[in-house]
Peer 1: 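Quick one: this structure, given as structure tokens, is what I'll be asking you about.
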Amino acid sequence: MAVYVKSMTEGNELSQILKFSVPLLVGNLFQQLYNIVDSAIVGKYLGSDKLAAVGATGSITYLFFTLCIGLATGAGILIAQRFGAQDISSVKKLITNSAYLLAALGIFISVVSTFLAEPLLRFLDTPESLLPDAVAYMQISCSGTIAVALYNWINSVLRSLGDSRTPLYFLIVASVLNVGLDLLFVVVFSMDVQGAALATVIAQGASAVGSIIFALKKNPCFKLQRSELKTDMKIIGKTFATGIPIALQNALVSISMISLQTTANGFGEDIMAAYTASMRVEQLVQQPFVSLNVAVSTFAGQNIGAGKAERAMKGYHKTRLTGFAFALFMLVIFMLFGYNIVGIFVDKPEVLVIGDKALKLTALFYVPLSLIHITRGMLNGAGDVGFALLNGIVEVIGRIGFAFILMNIPSVGYWAVWGTTCLTWLFTAVMCILRYKFGGWRKKLSFEAKLKTEQ
């Protein structure tokens, strides 16, 4: 049992969190290759206008994906807490019923989002010249939401059990597959932006299916009896109630990003291309923070489930310092090599200059960004998912409010797009720290000793 599950309730806190987060980080970096390869190949082989079309779909596509991601995260929180309490029977029932919930949601969103692609992109004022490519890319991407749902579900479950390595192995294979298919579909078969979208869907689906099959064969918590395969509406309801605030938080963040994308769209194709390139880089840079978020959440969940809240908090404080160090390191990198990094995605000189300055500006605010991710991980692991929704509201207020203010300052111009992001990070980080320090989340520690289920 020790090979594919791991308790994090004993030993050095930071060491366990970092060891757990390293495979997460490598996996997240490979996952980001999906977007980076799409963007690089589209930008280099098809042109900056095609890159702008792909970038115009990012925020709205994430809005659909995030519902699945939130519910998968909620399932992982419950499983981590039950695993920390060594309640394996409840762990197995949570695995089964969360799978039913995520599969149903993934299928539903796949259908709905595909049909809504064009009207939503029109609502965002996507330029007519970019609309056909943007619609084509989004429809194919959204049709694969079921793969996104299953991928995030199996990853969340395995990680809650202390296994951060298995998802990594399948991601590496899928990433190589994605690169190969991108080149085949776009360069060889001349499938335009549709080829890039199709390559990502196939690669992510392969990763999800491979991980699930492997877990069924190797992970002891997936050795299920017939009675553990029964649908249990109480568990499904508990999973939904835990995951939906996180899903809504992510959806609100996505809505705020959509608002910002609309602002960028209003400045023309060069700004859209620069914004897309800077966003791709930012997504990559955020992966260490995202990895620490998941690691801290799993660590906190298991330890709080085991009745070791002080150990959970100690791990959080140590991890926060690690996040600060990485934020400062990336600031130096972008100050020195920002222009070259943007050049991975675009060749147009005007876009390169804007993208370089944008990276330097946002890098100044990576410390608040690290605080957001790591503190959210701690609060989610503690079961304080209600704050997740509040935090999402804060981001919406920040991105819409700051954008409105900056857009009405003539001297700011298109820098309102990136300035809004920076100020929103700062605002949200302050809210996260206030929540942690004032202790509202501690009320969540009095969760039930055991998840009650119908036999």
Side-chain angles (χ1 to χ4, degrees), residues 1-10 20 68 70-105 149-150 152-164 166-167 211-212 215-247 294 297-309 311-312 377 379-386 388 441 443-455:
M1 185 170 179
V3 176
Y4 297 107
V5 296
K6 178 178 175 58
S7 173
M8 302 175 74
T9 57
E10 301 290 341
F20 186 83
C68 301
L71 289 182
T73 301
I77 290 169
L78 294 175
I79 291 170
Q81 291 180 347
R82 293 299 89 215
F83 181 72
Q86 292 300 296
D87 183 0
I88 304 303
S89 175
S90 290
V91 166
K92 291 184 176 183
K93 292 175 182 178
L94 279 163
I95 288 173
T96 299
N97 285 275
S98 62
Y100 298 153
L101 178 61
L102 265 296
L105 182 66
L150 292 176
N152 283 280
W153 168 76
I154 188 63
N155 274 2
S156 185
V157 171
L158 293 177
R159 289 166 179 170
S160 69
L161 299 173
D163 179 10
S164 59
T166 297
S211 297
I212 292 170
L216 289 170
K217 290 185 175 182
K218 297 293 185 179
N219 193 299
C221 290
F222 281 76
K223 304 299 181 183
L224 306 170
Q225 302 299 317
R226 180 168 296 183
S227 62
E228 294 163 340
L229 295 173
K230 292 180 180 179
T231 301
D232 189 317
M233 294 310 296
K234 287 186 177 180
I235 296 179
I236 290 177
K238 179 72 171 178
T239 302
F240 186 83
T242 304
I244 199 63
I246 298 174
V294 177
S297 181
T298 302
F299 180 84
Q302 286 196 13
N303 280 279
I304 289 171
K308 299 182 177 182
R311 173 177 166 81
L379 297 174
N380 283 342
D384 188 13
V385 294
W441 64 274
K443 298 176 183 177
K444 301 296 181 179
L445 299 182
S446 59
F447 63 90
E448 299 176 20
K450 183 175 181 178
L451 181 67
K452 295 184 175 8
T453 62
E454 293 287 341
Q455 297 297 326

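Computed over heavy atoms, backbone and side chain alike; hydrogens, waters and symmetry mates excluded. For this chain, numbers begin at 1 and follow the sequence in order. Being a predicted model, the structure only gives us computed values, none of them experimental.
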Peer 1: If every non-hydrogen atom of Phe83 is compared with every non-hydrogen atom of Gln302, which pair is closest and at what distance?
Peer 2: CD2-NE2, 3.5 Å

Peer 1: Strictly distance-based, threshold 3.5 Å: is any side-chain N or O of Tyr100 a donor or acceptor partner for the main-chain N or O of Lys230?
Peer 2: no

Peer 1: For Gly381 and Gln81, work out which heavy atoms get closest and say how close.
Peer 2: O-NE2, 3.2 Å

Peer 1: Out of the candidates Thr298, Val5, Thr166, only one should pair with Leu161 under the side-chain contact (heavy atoms from CB on, under 4.5 Å) rule; please name it.
Peer 2: Val5

Peer 1: Locate the shortest heavy-atom distance separating Ser156 from Ala72; write the atom from each residue and the value.
Peer 2: OG-O, 2.6 Å

Peer 1: Is there a side-chain contact (heavy atoms from CB on, under 4.5 Å) between Trp153 and Ile212? Walk through the geometry before answering.
Peer 2: CA-CA 9 Å; Trp153 168 76; Ile212 292 170; 4.0 Å; yes

Peer 1: In sequence, state the C-alpha distance, the side-chain angles, and the governing distance for Leu158 and Phe222, and then conclude on side-chain contact (heavy atoms from CB on, under 4.5 Å).
Peer 2: CA-CA 10 Å; Leu158 293 177; Phe222 281 76; 4.0 Å; yes

Peer 1: Quick check: closest heavy atoms across Ala306 and Gly84, and the distance to 0.1 Å?
Peer 2: CB-O, 3.5 Å

Peer 1: Is it true that atom CZ of Phe240 has more than 12 heavy atoms of other residues, nucleotides or ligands lying nearer than 6.0 Å?
Peer 2: no

Peer 1: Determine whether Thr239 and Leu94 satisfy the following criterion, side-chain contact (heavy atoms from CB on, under 4.5 Å), listing intermediate values before the conclusion.
Peer 2: CA-CA 8 Å; Thr239 302; Leu94 279 163; 3.8 Å; yes

Peer 1: Specify the closest pair of heavy atoms between Gly76 and Ser160, including all atoms of both residues, with the distance to one decimal.
Peer 2: O-CB, 3.2 Å

Peer 1: Counting only N and O atoms by type, is there a donor-acceptor contact under 3.5 Å from the side chain of Ser164 to the main-chain atoms of Phe20?
Peer 2: yes

Peer 1: So, does Lys223 use its side chain to make a donor-acceptor pair with the main chain of Lys217 at under 3.5 Å?
Peer 2: yes

Peer 1: Should Cys68 and Asn152 be marked as a side-chain contact (heavy atoms from CB on, under 4.5 Å) after you check the CA-CA gap, both sets of side-chain angles, and the distance that decides it?
Peer 2: CA-CA 7 Å; Cys68 301; Asn152 283 280; 5.7 Å; no

Peer 1: Please identify each residue that fulfils side chain to side chain contact (heavy atoms under 4.5 Å, CB included) with Lys218, with sequence neighbours left out.
Peer 2: Tyr4, Phe214

Peer 1: If the condition is side-chain hydrogen bond (donor to acceptor under 3.5 Å, both in side chains), which residues does Ser7 pass it with, not counting sequence neighbours?
Peer 2: Thr9

Peer 1: Measure the shortest side-chain to side-chain distance between Ile77 and Ile246 over non-hydrogen atoms and say whether it is less than 4.5 angstrom.
Peer 2: yes

Peer 1: Could you list the residues that satisfy salt bridge (Lys or Arg N to Asp or Glu O under 4.0 Å) with Lys308, not counting sequence neighbours?
Peer 2: Glu10

Peer 1: For Asn97, give me all partners under side-chain hydrogen bond (donor to acceptor under 3.5 Å, both in side chains), at least two apart in sequence or on another chain.
Peer 2: none

Peer 1: Check whether any side-chain N or O of Glu228 sits under 3.5 Å from a backbone N or O of Lys92 as a donor-acceptor pair, and report yes or no.
Peer 2: no

Peer 1: Looking only at atom types and distance, does a side-chain atom of Asn303 sit under 3.5 Å from a main-chain N or O of Met8, one as donor and one as acceptor?
Peer 2: yes

Peer 1: What residues, two or more places apart in sequence or in another chain, satisfy side-chain hydrogen bond (donor to acceptor under 3.5 Å, both in side chains) together with Thr73?
Peer 2: none

Peer 1: I want to check something: taking the side chain as every heavy atom from C-beta on, are Asn155 and Pro167 in contact at a cut-off of under 4.5 Å?
Peer 2: yes

Peer 1: In Å and rounded to the nearest 0.5 Å, what is the CG to OG distance from Leu78 to Ser90?
Peer 2: 10.0 Å

Peer 1: Just verifying a value: how many Å separate Ile154 CD1 and Leu102 CG, rounded to the nearest 0.5 Å?
Peer 2: 10.5 Å

Peer 1: If only atom types and distance count, is the side chain of Ser98 paired as donor or acceptor with the main-chain N or O of Ile95 below 3.5 Å?
Peer 2: yes

Peer 1: Using side-chain hydrogen bond (donor to acceptor under 3.5 Å, both in side chains) as the criterion, list what pairs up with Thr96, not counting sequence neighbours.
Peer 2: none

